[in-house]
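These notes concern the structure reproduced below.
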Amino acid sequence: MFNSCSSKSKLSTVNERVDTLLTQMTLEEKIGQMNQYSSFWDVTGPAPKEGSAAVQFEQLKNGLVGSMLNVHGVENVYKLQKIAVEETRLGIPLIFGFDVIHGYKTITPIPLAEAASWDLEAIELSAKNAALEASAAGINWTFAPMVDVSRDARWGRVMEGGGEDPYLGSKIAFARVKGFQGDDLSNPSTIAACAKHFAGYGFTESGKEYNSVDVGTQTLYNVIMPPFKATIDAGVRTFMNSFSQLNGVPATGSKFLQRDILKRDWNFDGFVVSDWGSIEEMVEHGYAKDEKEAAQLAVEAGSDMDMQSLSYVENLADLVKSGIVDEKLIDDAARRILRVKFELGLFDDPYKYCDLSRESKILGNQNLHNASLDMAKKSIVLLKNQNQLLPLKKQGLNIALIGDLANDKTSPLGNWILAAEKNSAVSVLEGLKSYSGNNVEFSVGTKLNTGALEFAKELKINTTDKSDFAAALKLARTSDVVVMVLGEHGLQSGEGRSRTNIGLPGLQQELLEAVYNINKNIVLVLNNGRPLVLNWANKHIPAIVEAWQLGSQSGNAIAQVLYGDYNPSGKLPMTFPRSVGQVPIYYNYKSTGRPTLPSPGEVFWTHYQDEENTPLYPFGYGLSYTTFGYKNLKIQSQTDTSIKVSVEVTNTGNLEGKEVVQLYVKDHFARPAQAVRNLKGFELINLKPGETKTVQFLLTEKELGFYNNNGDFTLQSGEFSAFVGGDSTADLSTNFSL
Ligand code: GLC
């Protein structure tokens with residue numbers, strides 16, 4: 001029994017307590033800390049090999065397991081913790097991890113939706129509430145925030161991150177870590193965060209899941225790395241490495257990533273967990289000849305904990321005893337893991353997260369739902385509102401509500417919902433009815449999917465059954481307004497959910513056009529986990545609302561926006577393409593040597609023969625029920641390495657509303673060449689009708705500099721332009737030089 005659990009140790013610092021414990025541990029026990037198993041309630045990866053559960057349970061009792069994931073609820077956590085603390089030689093507590101990606105039981109909008117709010121306070125609160133709820137269920141570590149920048153809507157996991165931009169992504173990453181961890185990790189309402197997936201996963205080739213990643217140093221240092229560095233600045237205590245190879249080296253086996261950048265340059269003293277099975281998968285990558293070599297390469301590269309591949313627990317002891325692996329590497333990994341457990345307070349009270357009364361009081365409480373609703377409203381983006389069709393009147397309307405997703409209470413929860421109750425979301429049908437006196441009638445129009453809904457299984461999309469079309473068309477014919485909820489099921493994005501066709505899945509486009517031919521007064525509400533191709537809708541449909549997958553309060557949030565109780569303020573965190581052929585498409589692209597059309601009809605310039613270069617909706621775009629005007633962009637002051645600019649923003653409409661004032665900077669010539677513009681500041685402001693506010697931005701070396709190809713941060717003198725506006729096409733500009 002580990003006596004420091006019971007008596008308050010005299011050792012003043014965590015590190016001293018860790019070092020003392022390490023001296024008492026056998027090699028096998030230290031390796032045990034590096035071994036993580038999934039519970040048998042959920043698998044978020046390929047299911048454990050047959051019969052391994054019994055072996056893993058024995059190892060747990062012999063002190064050879066350091067962590068579990070996917071354990072549901074205080075009762076189950078307590079059972080397993082009791083074995084670790086009371087039945088093993090040293091009684092070292094387990095750390096319990098879980099994918100608390102967008103809420104635990106009370107589900108919040110998917111992270112890409114939250115990113116659309118640009119509301120860092122709300123995002124931090126969302127993470128704080130998720131930590132409160134998950135910790136009440138016995139969890140002390142989340143595998144979030146996912147901070148992979150991605151420009152590729154074909155990749156299913158764009159739903160999980162902060163979008164295409166490293167500046168917005170960094171601000172969100174910082175806020176989410178602060179939300180999860182708070183300022184005291186030993187507080188039972190906070191949990192350790194995990195920056196993932198280190199690094200480059202968002203650049204998976206052709207948007208195909210688990211594919212290789214080949215990027216240049218400019219993309220690596222100036223796009224991929226900044227959000228990870230922001231989590232370090234926020235004090236993140238764990239990292240998770242990526243399944244992907246980066247330029248031929250699996251991240252799990254990359255000393256460059258884990259030891260050179262993360263642990264040396266960034267001075268990270270937490271621990272790195274592998275992604276599910278990624279150590280053993282280095283054999284499949286063709287990087288390690290067998291599992292034993294994979295274990296050696298991973299521990300040498302700085303992967304501290306092995307998630308569910310058994311590679312460490314089955315090979316490391318032999319590797320050390322045969323002199324191939326230095327035991328110092330084991331000590332360093334075990335030390336990092338034990339340090340976080342001490343910081344969580346698990347040694348002082350291993351059952352601190354096992355309070356059944358707290359669990360029943362906190363899980364799903366009204367405060368959490370209220371916050372989820374607030375976050376959901378702020379995440380909605382108004383893409384089109386021709387002839388002010390929106391907001392809808394609350395009385396006297398006959399509304400046809402059409403679409404399978406309109407009455408779905410599971411899909412709006414999104415993808416990472418392992419602890420949520422299925423069928424627990426407020427549907428659009430429920431929301432529209434509860435927020436108005438209108439006559440709202442529902443017709444499914446077309447089933448989106450058929451068959452079982454399983455996290456690890458393909459979803460079957462209906463591409464043949466049109467039997468519900470007729471009833472929907474009949475209803476549309478006699479209605480004043482048609483609200484159509486179309487898009488993707490929550491299990492059509494997320495891990496393992498890449499798509500090559502990013503239009504409306506199944507028969508939805510056909511249904512939309514059929515309804516349009518009957519009644520053109522359509523409000524299209526999108527439920528989706530990625531940018532979609534919406535050319536036809538953009539051309540024909542008068543009102544389009546991007547409502548992502550908004551979590552438990554989805555229907556209420558959508559209703560409040562459609563009826564004008566909340567004036568939409570969201571801005572796109574990812575570019576929406578005109579066609580999938582443009583992907584990857586993003587706003588901060590590099591100029592080329594031939595960026596413009598030389599003369600009408602000439603072909604020698606950067607373009608496609610069959611598509612425009614511009615997106616359908618640009619990064620940072622979003623409308624309001626009011627309008628905003630920008631003027632008087634001025635340089636207030638300047639030093640050698642900084643500049644302060646100001647701009648006046650006016651609410652030029654007749655409704656109060658929020659605007660995300662965005663500042664972009666262009667470095668006209670630099671070596672290496674920089675993007676045509678980069679987001680370098682934003683401020684979310686609220687303005688009453690007619691109100692004007694002066695917004696100021698300070699640009700310092702941090703914003704004006706960039707990483708060169710050696711990874712050194714540099715600020716080069718030269719000519720710059722600042723652009724300010726309501727999206728990434730802002731053209732109100734001023735010039736300055738440094
Ligand atoms: C999955 C995901 C990772 C998640 C982990 C545990 O494969 O890649 O993001 O945290 O396994 O569920």
Side-chain angles (χ1 to χ4, degrees), residues 35-48 66-72 94-104 110-112 127 130 134 139-150 155-162 173 176-177 180 191-204 208-211 213 227-228 231 236-246 250-252 271-282 284-285 303-311 414-420 454-457 491 493-498 529:
N35 182 31
Q36 179 189 57
Y37 287 139
S38 176
S39 72
F40 315 117
W41 289 267
D42 276 293
V43 284
T44 49
S67 172
M68 297 285 288
L69 71 142
N70 293 330
V71 178
H72 285 243
L94 298 166
I95 179 171
F96 289 87
F98 205 95
D99 290 287
V100 188
I101 309 295
H102 47 103
Y104 179 74
I110 56 173
L112 188 63
I139 301 303
N140 26 68
W141 175 29
T142 176
F143 304 127
M146 185 273 220
V147 301
D148 300 310
V149 172
S150 185
W155 188 45
R157 299 194 77 163
V158 295
M159 54 71 62
E160 205 172 335
R176 298 197 80 207
V177 169
F180 286 129
I191 58 179
C194 181
K196 71 182 186 183
H197 303 80
F198 197 59
Y201 191 5
F203 284 74
T204 188
K208 186 159 58 175
E209 185 57 283
Y210 309 133
N211 209 356
V213 174
F228 285 104
T231 66
V236 75
R237 298 309 292 137
T238 75
F239 263 59
M240 182 185 292
N241 56 37
S242 168
F243 288 123
S244 50
Q245 288 186 14
L246 178 63
T252 308
F271 71 86
V272 179
V273 63
S274 75
D275 202 342
W276 185 292
S278 69
I279 293 177
E280 184 182 24
E281 287 174 5
M282 287 204 281
E284 288 297 336
H285 274 296
S303 295
D304 300 306
M305 184 182 281
D306 170 10
M307 178 189 289
Q308 190 61 41
S309 94
L310 290 76
S311 303
N415 179 276
W416 282 103
I417 55 173
L418 297 177
E454 288 187 58
F455 181 77
K457 293 277 193 295
L491 286 179
S493 56
E495 185 179 355
R497 309 286 179 173
S498 292

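For the numbers below, each heavy atom of this structure counts, side chains included, while hydrogens, waters and symmetry mates do not. Given the structure is predicted, the values throughout are model-derived calculations rather than measurements. Counting starts at 1 for both ligands and their atoms, in listed order.
- Looking at every heavy atom in both residues, F243 comes nearest to W276 through CE2-O, 3.2 Å.
- Geometrically, ligand 1 and E495 share a nitrogen or oxygen pair separated by less than 3.5 Å.
- From R157, atom CZ reaches atom CD of E495 across 4.0 Å, with rounding to the nearest 0.5 Å.
- Residue E160 has no N or O atom closer than 3.5 Å to an N or O atom of ligand 1.
- Ligand 1 lies less than 4.0 angstrom from a heavy atom belonging to H197.
- The proximity of L69 to ligand 1, defined as any non-hydrogen pair under 4.0 Å, is limited to the side chain.
- Residue K196 places at least one N or O, backbone or side chain, under 3.5 Å from an N or O of ligand 1.
- No hydrogens or angles considered: nothing links the side chains of Y210 and E281 as a donor-acceptor pair under 3.5 Å.
- Of all the heavy atoms of R157, the ones lying under 4.0 Å from any atom of ligand 1 belong exclusively to the side chain.
- Taking every non-hydrogen atom of F143 and a distance limit under 4.0 Å, the qualifying atoms of ligand 1 come out as 10 (O).
- Of the heavy atoms in M146, none comes closer than 4.0 Å to ligand 1.
- Checked against side chain to side chain contact (heavy atoms under 4.5 Å, CB included), K457 has the following partners two or more places apart in sequence or in another chain: E454.
- Counting the atoms of ligand 1 from 1 in the order shown, those under 4.0 Å from a heavy atom of F243 are 7 (O), 8 (O).
- Atoms of ligand 1 lying under 4.0 Å from any heavy atom of M240, numbered from 1 in the order shown and given with element: 3 (C), 10 (O).
- Polar contact check, D275 against ligand 1: a nitrogen or oxygen pair lies under 3.5 Å apart.
- When the side chain to side chain contact (heavy atoms under 4.5 Å, CB included) test is applied to Q36, the partners found at least two apart in sequence or on another chain are S67, L69, W141, F143, V273, M305, M307.
- In summary, the aromatic rings of F455 and W416 are positioned with their centroids under 6.0 Å apart.
- Ring centroids of F98 and H72 are separated by less than 6.0 Å, placing the two rings close together.
- At a cut-off of 3.5 Å, with distance as the only test, no side-chain donor of D275 or S242 sits close to an acceptor on the other residue.
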